[in-house]
Amino acid sequence: MVEALILHEDPRSGNCYKIKLTAALLGLPLATRAYDITKGETRTPEFLATVNANGRIPVLQIGEGAPENGGARFLPESNAACWYLAHDSALIPAERFAQADMLRWMFFEQYNHEPNVATLRYWLSILGEANLAEQQRALVPAKRAGGEAALALMNDHLATHDFFCGAAPTLADIALFPYTHVAEEGGFGLGDYPHILAWISRMQALPGFVPMD
Ligand SMILES: N[C@@H](CCC(=O)N[C@@H](CS)C(=O)NCC(=O)O)C(=O)O
């Protein structure tokens with residue numbers, strides 16, 4: 001039996017787009033259920049009790065219905081959800097080092113890239129600079145420096161690699177693509193990173209590629 005796959009998402013979120021891109025590249029049907037994170041819709045008692053106690057999207061729901069019929073399982077964390085979907089596919093290299101190297105870039109994305117590049121996009125383009133709290137405003141220069149460092153590292157790596165783990169795309173590329181290709185919405189100038197721009201074009205040319213909403 002094929003299990004239903006439902007993505008609990010906010011369509012503006014790059015973390016959610018990672019999962020939609022993985023499903024699209026693999027030809028997997030994926031239903032969606034939308035929430036507005038700026039209205040606290042992932043912080044309701046019902047969401048916390050049934051979807052994600054951590055109060056965040058994305059969450060990949062696997063299966064649906066009553067527990068006696070298999071029920072629904074909920075998987076938060078974008079990169080874990082991508083891993084679930086890509087199991088046994090070419091998006092996860094089989095060779096041990098290559099697989100660990102792919103994970104290296106996915107951890108880099110969560111620690112060095114997303115907290116800087118994605119957060120500035122959220123603050124400046126979605127919340128709006130005028131609406132930032134004083135504490136957020138004070139953090140902008142450090143996030144700018146952290147984001148520039150992450151983009152520079154990526155650009156250097158892509159100078160000699162078509163994709164992050166070699167000649168073919170893996171989940172490392174899918175994890176890094178969403179917030180990188182809209183980095184200008186956070187005030188980053190992608191013109192400074194020509195190898196990133198070439199990689200973005202390669203990603204957009206992949207069979208099955210879908211753009212972010
Ligand atoms: N590490 C998590 C990050 C999840 C996350 O920060 N989600 C944000 C949107 S991208 C969210 O739900 N924010 C709403 C909130 O915190 O209330 C992942 O990769 O999925």
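All values derive from a computational prediction rather than experimental measurement. Both ligands and their constituent atoms are indexed starting at 1 by order of listing.
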Taking the inter-plane angle between the rings of Phe47 and His8 on a 0 to 90° scale, is it parallel (under 30°), tilted (30 to 60°) or perpendicular (over 60°)? perpendicular

Please say which of Leu7, Thr42, Asn52, Asp10 ends up in a side chain to side chain contact (heavy atoms under 4.5 Å, CB included) with Pro58. Leu7

Identify whether the distance between the nearest side-chain nitrogen and carboxylate oxygen of Asp213 and Lys20 falls below 4.0 Å. yes

Thinking salt bridges, do Glu114 and Lys18 make one under a 4.0 Å N-O criterion? no

Of all the heavy-atom pairs spanning Pro115 and Thr119, show the shortest one and how long it is. O-OG1, 2.9 Å

Tell me if the aromatic rings of Phe108 and Phe164 count as close, with their centers under 6.0 Å from one another. no

What does the contact table look like for ligand 1 (nitrogen or oxygen on each side, cut-off under 3.5 Å)?
from, atom 1, to, atom 2, distance (Å)
ligand 1, 1 (N), Glu77, OE1, 2.7
ligand 1, 1 (N), Gln110, OE1, 2.8
ligand 1, 7 (N), Ile57, O, 2.7
ligand 1, 12 (O), Ile57, N, 3.0
ligand 1, 12 (O), Ile57, O, 3.3
ligand 1, 16 (O), Arg43, NH2, 2.6
ligand 1, 17 (O), Arg43, NE, 2.8
ligand 1, 17 (O), Arg43, NH2, 3.2
ligand 1, 19 (O), Ser78, N, 3.4
ligand 1, 19 (O), Ser78, OG, 2.6
ligand 1, 19 (O), Gln110, OE1, 3.3
ligand 1, 19 (O), Gln110, NE2, 3.2
ligand 1, 20 (O), Ser78, N, 2.8

